[in-house]
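Contents: one structure, followed by commentary.
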2 protein chains.
Amino acid sequence: MEQVDIFKALANQTRLQMLEWLKEPEINFPGQKEYGYDQGICVGQLQAKANLTQSTVSEYLSILQRAGFVKATRKGQWTYYKRDEAAFERLSKLISTTL
Amino acid sequence: MEQVDIFKALANQTRLQMLEWLKEPEINFPGQKEYGYDQGICVGQLQAKANLTQSTVSEYLSILQRAGFVKATRKGQWTYYKRDEAAFERLSKLISTTL
DNA sequence: CAAATATATCGACTTTTCCCGATATGTAGA
DNA sequence: TCTACATATCGGGAAAAGTCGATATATTTG
């Protein structure tokens with residue numbers, strides 16, 4: 001993944017928002033309480049909150065995943081996405097040193 | 001300036017490259033040696049290195065300036081651009097804390 | 001002030017991104 | 001296996017970004 005693609009992934013308001021939501025799943029996705037938050041948040045929950053079509057949200061999550069910001073876990077018919085905090089730390093360091 | 005616009009400014013290969021060049025002006029712009037590097041690098045030097053038209057380079061620098069990554073100084077008929085390191089530090093912190 | 005030079009802005013065209021609906025794929029349960 | 005549901009992928013139209021050439025706006029110098 002090129003450096004520029006990392007920034008392209010962040011160059012969209014909705015995608016930024018989704019990353020912020022995923023930072024506090026308990027607060028932003030109370031609907032998933034009964035299934036727990038360890039595995040992440042499923043696409044449907046994110047779609048409901050983003051108010052975009054299912055295909056768009058799926059695509060956006062894929063972009064974020066390719067850029068490394070989220071990790072996906074398939075469980076049954078659901079795919080759960082959660083942040084990969086290490087990616088943010090890496091990017092933070094890259095910006096303060098290399099860039 | 002919105003957060004997303006900061007990332008949009010970085011979501012372009014040429015603009016990223018220009019920022020990298022400006023990190024080591026002495027190395028990347030030897031042609032400007034006689035005028036010194038304190039004030040920054042003028043548009044013409046950047047254009048020559050970027051191999052794009054003057055208008056494009058000017059536009060790109062303006063985008064980087066609006067996002068806060070570079071500062072412009074007009075001196076005579078030249079406009080010199082230099083990095084604002086504080087902006088990178090701010091962004092780095094934002095990514096490791098807020099984002 | 002006229003000419004020369006550096007940069008900025010404008011208008012247009014091309015490429016990329018955004019975002020959708022339709023459809024395909026994967027999984028669970030009757 | 002048939003159906004239902006969650007997600008992924010595909011194809012396309014609209015909007016935004018990339019990039020150019022032409023032109024406008026400084027600024028310096030003769």
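Reminder, nothing fancy here: chain letters follow the sequence lines and each chain counts from 1.
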Which nucleotide sits closest to the side chain of B:Thr53: C:dT7, D:dT19, D:dC20?
D:dC20

Grab the N/O contacts between the protein and nucleotides 28-30 of chain C below 3.5 Å, and write none if there aren't any.
none

Report which part of the nucleic acid A:Ser58 touches: base, sugar-phosphate, or nothing (heavy-atom distance under 4.0 Å, all strands).
base

Donor on one side chain, acceptor on other, A:Ser55 and A:Ser58, under 3.5 Å:
no

Distance in angstrom units between A:Leu52 CG and C:dT17 P, rounded
18 Å

Residue met sooner reading DNA chain C from 5', once A:Ser55 and B:Ser55 are mapped to nucleotides
B:Ser55

What is the distance, to the nearest angstrom, from the CD1 atom on A:Ile41 to the C1' atom on D:dT7?
16 Å

Taking CG from B:Leu61 and C1' from C:dA6, how many angstroms apart are they, rounded to a whole number?
13 Å

Identify the two heavy atoms, one from B:Ala50 and one from B:Val57, that lie closest to each other, and give their separation to 0.1 Å.
CB-CG2, 4.2 Å

Gap between atoms CE and P, on A:Met18 and C:dC18 respectively (whole Å):
11 Å

Distances under 3.5 Å only, N/O to N/O: pair up the protein atoms with those of nucleotides 13-18 of chain D.
from   : atom 1 : to      : atom 2 : distance (Å)
D:dA17 : OP1    : B:Lys8  : NZ     : 3.2
D:dG18 : OP1    : B:Asn12 : ND2    : 3.1
D:dG18 : OP1    : B:Arg15 : NH2    : 3.2
D:dG18 : OP2    : B:Arg15 : NH1    : 3.3

For a quick test of reading the model, state the closest non-hydrogen atom pair linking A:Leu99 to A:Gln3 and the distance between them.
CD1-OE1, 3.6 Å

Taking atom NZ as the centre, does B:Lys93 end up with more than 12 heavy-atom neighbours from other residues, nucleotides or ligands that are less than 6.0 angstrom away?
no

B:Gln45 CD to C:dA6 P, in whole Å, measures 10 Å

In terms of heavy-atom contacts, does CD of A:Glu26 have more than 12 from other residues, nucleotides or ligands at under 6.0 Å?
yes

B:Glu85 and B:Arg83: which non-hydrogen atoms are nearest, and at how many Å?
OE2-NE, 2.7 Å

Would you please name every residue forming a salt bridge (Lys or Arg N to Asp or Glu O under 4.0 Å) with A:Asp84, sequence neighbours left out?
A:Lys71

Can you tell me if the side-chain N/O atoms of A:Thr79 get under 4.0 Å from OP1 or OP2 in D:dA8?
yes

What closest approach, in Å, do A:Arg66 and A:Met1 show between heavy atoms, and which atom pair accounts for it?
O-CE, 3.1 Å

Between P on D:dA24 and CD on B:Gln54, what's the gap in Å once rounded to a whole number?
15 Å

Can you name the closest pair of heavy atoms from A:Gln54 and A:Gln47 and give their distance?
N-NE2, 3.4 Å

Round to the nearest Å and state the distance from B:Asn51 atom CG to D:dT19 atom P.
12 Å

Looking for any heavy atom pair under 4.0 Å, which part of the strands does B:Tyr81 touch: base, sugar-phosphate only, or nothing?
sugar-phosphate

Whole angstrom is fine here: how far is it from CG in A:Leu16 over to C1' in C:dT17?
15 Å

